[in-house]
Structures are given as C-alpha cells and as structure tokens.
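Keep in mind that this is a model prediction, so the values were computed, not measured. Order of listing sets the numbers, starting from 1, for every ligand and every atom in it.
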Amino acid sequence: MKTNPMAKILLAASFAAKKHAGQKRKDGFEPYINHPLEVASILANIGEVTDEDILAAAILHDTLEDTETTEEEIKETFGEKVCNYVIEVSDDKTLKESERKRLQIERAHLLSPGAKQIKLADKISNIKDIMNSSPKNWSKQKKIDYIEWAKSVVERLRGTNEKLENYFDEVFQLAQRKIK
Ligand code: ZN
C-alpha cells in the first residue's frame with residue numbers, strides 16, 4: 001500500500017494543534033499553533049524542503065519544550081526520525097534561559113542538516129513576529145538583543161539551505177531597520 005506523503009504532516013498539524021490548545025504567542029493574542037505551522041510553511045515554500053519527516057518535525061518542534069508531550073509519544077506516533085529532530089531542536093528546560101541561549105549558539109553547528117533547517121526557519125518566524133506583532137512588554141533593546149542572538153545562532157547553522165539562509169538575511173535586515 002502506498003502511503004500518502006501528506007498523511008504524516010497532517011497528523012502532525014492536528015496533534016500539535018491539540019497540544020498547543022489555549023496557548024498564545026508572545027503578543028498574547030495570536031494562537032500558538034500559527035508559529036509551528038509558519039515554520040513548516042517557510043521550510044516548504046522558501047526552503048523547498050520536501051522531506052515529510054523534517055516538515056512534520058517542524059510542526060512538532062515546540063511540543064516537547066512547551067507542552068506536556070513526551071518523547072515516547074512522538075516516537076510512537078511519528079517515528080524515530082521525527083522524534084530525534086524534535087529532541088535536537090528542543091532546549092533543556094531545567095537550565096536557566098541565559099544558559100539555554102548560550103548553548104543554542106554553542107551547539108548549532110552540531111545539529112543534523114534537518115534540525116539545522118528547522119532551527120533556521122524557527123528563527124525566521126520568531127524575528128518576523130517580533131517585527132510585526134510586537135510582544136507585550138518588550139523594550140526596543142530586548143527586541144534588538146533577541147534578533148542579534150538569533151543571528152549568532154544562524155551564523156553557526158549556515159551551509160545547509162541557501163534559500164533559507166538568504167531569506168533569514170532579508171528578514172533580519174528588515175527587522176533591524178524596523179526596530180531601530
Ligand atoms: Zn519555535
């Protein structure tokens with residue numbers, strides 16, 4: 001039986017929507033699920049990624065960090081490859097935020113090519129959000145610090161997907177102009 005390549009991606013969308021139910025983005029208004037869906041869409045439409053495991057993992061990328069989802073649940077439902085991508089792009093939540101941010105820069109080059117692309121699209125989506133729908137209580141300096149930090153992570157991910165990398169540069173420059 002030939003399986004429909006869309007099936008896993010649609011299952012991921014439905015799974016993540018349930019897991020993130022009730023959560024909002026940093027602006028306090030937009031449903032959280034819009035973000036992982038945008039990350040997957042950036043990968044497919046700008047990065048021209050067609051691998052269903054990478055796209056499904058992109059939709060699931062914040063479920064371990066921000067919801068009650070377990071690694072076992074992801075592995076059972078989506079397979080080991082998807083699960084490993086999600087683990088790769090998840091921070092260790094037992095660490096302080098400053099430490100997690102430092103480790104993202106330090107470890108970015110160690111990620112698999114699939115995880116690098118997910119992380120890159122994640123940073124693009126976050127910068128676009130900060131630029132377009134200002135998070136509540138974020139000062140100008142906090143926004144500048146965030147986009148500069150995101151750039152430091154991306155600098156260590158380069159060499160995997162030129163289209164995504166060029167798009168990151170465009171979005172970064174636009175954000176810099178808009179925030180300053
Ligand atoms: Zn994310």
Return the set of protein N, O or S atoms whose distance to the Zn ion (ligand 1) is under 2.8 Å, each given as residue and atom. His35 NE2, His61 NE2, Asp62 OD2, Asp122 OD1
Value for CD1 (Ile46) from CZ (Phe168), rounded to nearest 0.5 Å, stands at 13.0 Å
So, do Lys140 and Ile179 sit near enough that their side-chain heavy atoms are less than 4.5 Å apart? yes
I need the Lys26 NZ to Tyr32 OH distance, nearest 0.5 Å. 7.0 Å
Can you confirm whether Lys128 sits close enough to Glu38 that some side-chain heavy atom of one is under 4.5 Å from a side-chain heavy atom of the other? yes
Side chain proximity check, Arg107 to Arg156, heavy atoms < 4.5 angstrom: no
Indicate every side-chain donor-acceptor pair of residues 47-61 with a distance under 3.5 Å to a residue at least two apart or in another chain.
| unit_1 | atom_1 | unit_2 | atom_2 | d |
| --- | --- | --- | --- | --- |
| Glu48 | OE1 | Lys163 | NZ | 3.3 |
| Glu48 | OE2 | Lys163 | NZ | 3.4 |
| Asp51 | OD1 | Asp53 | N | 2.8 |
| Asp51 | OD1 | Ile54 | N | 3.0 |
| Asp53 | OD1 | Lys8 | NZ | 2.7 |
| His61 | ND1 | Ala58 | O | 2.6 |
| His61 | NE2 | His35 | NE2 | 3.2 |
| His61 | NE2 | Asp122 | OD1 | 3.2 |

